[in-house]
There are 2 protein chains.
Amino acid sequence: MSTSRRRKHSYHHGDLPATLLRAAGKILEEEGVDALSLRELTRRAGVSHAAPYRHFPDRESLLAALAAEGFALLGEAQREAAAAAGLRGMGETYVGFALAHPQRFRLMFGGTVRIARHKALREVATRAFDGLAGALAARSPEAQGARDASIAAWALVHGLAQLLLEGRVAQAARAGRSEARFVSDVLATIRFAAGAPARAAAAVDQSA
Amino acid sequence: MSTSRRRKHSYHHGDLPATLLRAAGKILEEEGVDALSLRELTRRAGVSHAAPYRHFPDRESLLAALAAEGFALLGEAQREAAAAAGLRGMGETYVGFALAHPQRFRLMFGGTVRIARHKALREVATRAFDGLAGALAARSPEAQGARDASIAAWALVHGLAQLLLEGRVAQAARAGRSEARFVSDVLATIRFAAGAPARAAAAVDQSA
DNA sequence: CCTCAATGTTGACAACGTCTACATGACTGT
DNA sequence: ACAGTCATGTAGACGTTGTCAACATTGAGG
């Protein structure tokens with residue numbers, strides 16, 4: 001199971017950053033950000049407690065790398081969904097990602113990591129979204145309304161993801177429907193005003 | 001400035017829980033949840049470091065009380081907005097609350113506090129929302145669509161609040177508009193499908 | 001007035017993030 | 001082949017934190 005990355009009996013590890021991130025990802029999903037300690041990581045990686053500081057200036061920077069992975073994954077999933085399933089599919093994919101990786105999603109948007117302070121993270125996060133919602137609006141730069149609508153669409157799926165994640169949506173509201181079905185139904189209650197949605201959806205479909 | 005709650009030269013404090021929560025609220029807004037330590041609270045309250053344990057079983061429980069305050073405030077603001085400004089006004093109020101109390105909002109929805117484990121919190125949170133979005137749908141229980149639409153509306157404003165809070169909306173998208181104006185414009189791009197919205201809005205207007 | 005339960009204190013413990021000084025050994029230029 | 005450099009890992013320390021157990025104080029009720 002554990003692909004022992006540690007070179008036998010060697011002082012140097014080989015690829016500590018990746019090993020740390022793998023272990024961190026596991027702990028993150030299992031126990032959440034707050035339970036993720038650097039020292040536990042070093043124990044699992046079989047190195048000394050100060051070793052991570054050769055690769056990450058502090059704990060938050062390691063969390064930033066973890067969040068960056070998440071943004072890359074989500075961005076990729078969104079691009080695929082855009083090509084295959086259009087706007088509605090993108091929304092369902094977004095919510096699906098959040099529910100499949102709840103702790104990762106929380107880390108990405110929870111404010112624990114000050115995104116602005118971590119350049120690589122900032123860039124991948126921007127690329128994943130403003131590179132999507134933004135590119136979407138860039139096709140009709142004259143229409144501020146289209147850009148606003150794309151933000152509204154993003155807010156809708158993001159908010160639904162978060163509410164479901166935190167268990168704020170009463171079980172009764174589900175009315176026995178499957179998770180995917182429920183998400184689809186809720187999103188289906190929304191229309192966009194004034195042509196903005198059609199144009200946005202079209203832009204997305206072309207962007208593949 | 002500081003309404004010295006400490007009775008002069010007295011062993012007992014008088015109202016430590018409230019004093020702790022006041023200090024905690026201040027630190028929370030200024031520095032965020034992660035920077036809020038029990039020991040710093042005790043220093044500010046002028047009591048010993050273990051005193052809080054007479055009133056809160058652990059740190060998370062104190063955070064839960066803090067979150068409960070937030071839900072009560074938000075719920076109250078929503079009720080007022082519902083009476084005065086209808087559905088759109090409720091949305092703007094929701095986002096306004098989040099932007100006015102960003103750290104409090106994060107605490108309420110950030111997952112640091114496991115809401116289900118804190119009875120009082122769970123109840124006030126449920127009352128503030130399921131007691132709103134829920135009551136809204138209860139008026140037309142035959143229409144599952146109306147309930148779905150109310151969840152979508154909640155998700156929309158919640159997501160917009162969170163995205164703005166975390167700075168995920170590019171400055172360029174604001175296009176120079178004021179915050180309130182921007183929020184209003186974004187929300188205005190949304191329509192509800194098939195009669196669900198009208199009924200929902202009507203129910204809200206009556207619920208005052 | 002006496003007692004007792006509620007409240008606050010003291011001191012301890014383990015865990016953590018982070019710093020500094022030191023050890024190791026892989027790689028590079030000769 | 002070899003010496004030296006520098007990235008990488010280690011050892012140990014420090015201050016902070018959450019939490020617990022044992023003890024102290026005192027306001028309120030019989």
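Taking the side chain to side chain contact (heavy atoms under 4.5 Å, CB included) definition, one finds that Ala175(A) meets it with Arg177(A), Gln144(B), sequence neighbours left out. Qualifying side chain to side chain contact (heavy atoms under 4.5 Å, CB included) partners for Ala152(B), counting only residues two or more places apart in sequence or in other chains: Leu156(A), Val186(A), Thr189(A), Ile190(A). Scanning for side chain to side chain contact (heavy atoms under 4.5 Å, CB included) contacts around Ala81(B) gives Met90(B), Thr93(B), with sequence neighbours left out. Residues forming a ring pair (Phe, Tyr, Trp, His ring centres under 6.0 Å) with His101(B) (at least two apart in sequence, or on another chain): Phe97(B).
Nucleotide dT18(C) holds its C1' atom 14 Å from the CD atom of Glu60(A), rounded to whole Å. Residue Asp34(B) contributes atom CG, which lies 13 Å from atom C1' of dG17(C) at whole-angstrom precision. A straight line from CG of Leu41(A) to P of dT18(C) spans 12 Å, rounded to a whole angstrom. Look at CZ on Arg39(B): it is 16 Å from P on dC16(C), rounded to the nearest Å. As rounded to whole Å, 16 Å separates atom C1' of dT10(C) from atom CZ of Arg43(B). Atom pair Leu38(B):CG and dT19(D):C1' shows a separation of 9 Å (rounding to whole Å applied). Between the P atom of dT7(C) and the CG atom of Leu20(B) lies a distance of 13 Å, rounded to the nearest Å. With rounding to whole Å, Asp58(A) atom CG is found 8 Å from dC19(C) atom P.
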Side-chain donor-acceptor distances from residues 102-116 of chain A under 3.5 Å, at least two apart:
| from | atom 1 | to | atom 2 | distance (Å) |
| --- | --- | --- | --- | --- |
| Gln103(A) | OE1 | Arg106(A) | NH1 | 3.1 |
| Arg104(A) | NH1 | Leu66(A) | O | 2.9 |
| Arg104(A) | NH1 | Glu69(A) | OE1 | 2.8 |
| Arg106(A) | NE | Glu166(A) | OE2 | 2.6 |
| Arg106(A) | NH2 | Glu166(A) | OE1 | 3.2 |
| Arg106(A) | NH2 | Glu166(A) | OE2 | 3.3 |
| Arg114(A) | NE | Glu60(A) | OE1 | 3.1 |
| Arg114(A) | NE | Glu60(A) | OE2 | 3.0 |
| Arg114(A) | NH2 | Glu60(A) | OE1 | 2.7 |

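The side chain of Ser37(A) contributes an N or O atom lying less than 4.0 Å from OP1 or OP2 of dC16(C).
Nearer the 5' end of DNA chain C, as judged by each residue's closest nucleotide, is the contact made by Leu16(B), out of Glu40(A) and Leu16(B).
Contact check of residues 49-57 of chain B against DNA chain C (heavy atom, cut-off under 4.0 Å) returns His49(B), Ala50(B), Ala51(B), Arg54(B), His55(B).
A side-chain contact (heavy atoms from CB on, under 4.5 Å) with Val95(B) is found for one member of Leu163(B), Leu165(B), Val183(B) and no other, namely Val183(B).
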